[in-house]
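Heads up, the thing below is written out as structure tokens.
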Amino acid sequence: MKRPRHYWLFKSEPGSYSFDDLARDGRTHWDGVRNYQARNLLRDDVRAGDGVLFYHSNAKPMAIVGLARVVRGGYPDHTAFDPRARGYDPQSDPEQPTWFMVDIEPVGALPEPLTRERLKSVAALREMMLLQRGSRLSVQPVTAEEWSAVLKLAGVRWRAVTA
DNA sequence: GCCAACGTTGGC
DNA sequence: GCCAACGTTGGC
């Protein structure tokens, strides 16, 4: 397994989809993203092989709880075409889709969740998008330095968990 | 429960 | 094209 080329942080409210759900499912469509900035990332930049920090928002505690891997890059979010789906968007034309999704699979839960509190105390993560005031993006880029710092804090190595 | 920070909508 | 009103996200 090659090292991921790019790194991301995906937010999810555990009440709607938790890392445990992902571990149970083995793979999932990251559908339902209805924000253009996040859409652009999913469509253009998130590629198979990329690494994902799985973050629980609106949770107790708020924390990075696991690692995941992108297994399929951006493709049309078909839930936008389904009138019964939560993410239904009648404006999205199957011929020219508005919304995109990717597929991810779990790599492993962190030995301990890395809480937001903890992350905030780390100098190397001071600039991390997640920790900036008013940062609401649900798919965020993570720098290689931040990725390394997070894995080090968690006491895990990507190579070890992907082996 | 509050509210800051956005994003979206719609009247003009 | 502006911008006020409204809705949502999500930390606190």
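As the structure is a computational prediction, the values presented were derived from the model and not from experiment. Lettering follows sequence order; numbering is per chain, from 1. Both backbone and side-chain heavy atoms feed into the values below; hydrogens, waters and symmetry mates do not.
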For nucleotides 5-8 of chain C, list the nitrogen or oxygen atoms of the protein found under 3.5 Å from its nitrogen or oxygen atoms, one pair per line.
residue	atom	partner	partner atom	Å
C:dT8	O2	A:Arg136	NH1	2.7

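Annotation: side-chain hydrogen bond (donor to acceptor under 3.5 Å, both in side chains) contacts involving residues 119-131 of chain A, sequence neighbours excluded, comprise A:Glu117-A:Lys120.
Of the possible donor and acceptor atoms, one in the side chain of A:Ser92 sits under 3.5 Å from a partner among the backbone N and O of A:Thr98.
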Listing, residues 51-60 of chain A side-chain donor-acceptor contacts under 3.5 Å, not counting sequence neighbours, or none:
residue	atom	partner	partner atom	Å
A:Tyr55	OH	A:Arg116	NH1	3.0
A:His56	NE2	A:Phe19	N	3.1
A:Asn58	ND2	A:Glu13	OE2	3.1

Would you tabulate the side-chain donor-acceptor contacts of residues 105-114 of chain A under 3.5 Å, counting partners in other chains and residues two or more places apart, or write 'none'?
residue	atom	partner	partner atom	Å
A:Glu105	OE2	A:Arg69	NE	3.1
A:Glu105	OE2	A:Arg69	NH2	3.0

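Put simply, CZ on A:Arg34 is 18 Å from C1' on B:dT9, counting in whole angstrom units. Note: CZ (A:Arg133) to P (C:dG10) measures 16 Å, nearest angstrom.
Residues passing the ring pair (Phe, Tyr, Trp, His ring centres under 6.0 Å) test with A:Tyr75, sequence neighbours excluded: none. The salt bridge (Lys or Arg N to Asp or Glu O under 4.0 Å) test applied to A:Arg133 returns no partner, not counting sequence neighbours. Remark: A:Arg47 engages no residue in a salt bridge (Lys or Arg N to Asp or Glu O under 4.0 Å) (not counting sequence neighbours). Legend: residues meeting side chain to side chain donor-acceptor pair (under 3.5 Å) with A:Trp30, ordered by chain and number and at least two apart, are absent. The salt bridge (Lys or Arg N to Asp or Glu O under 4.0 Å) check on A:Asp89 picks up nothing, with sequence neighbours excluded. Legend: residues meeting side chain to side chain donor-acceptor pair (under 3.5 Å) with A:Arg27, ordered by chain and number and at least two apart, are A:Asp103.
Taking a 4.0 Å limit (strictly below) on heavy-atom distances, residues 52-66 of chain A does not reach DNA chain B anywhere. Listed in residue order, the members of residues 115-127 of chain A having a heavy atom less than 4.0 Å from DNA chain C are A:Arg116, A:Lys120.
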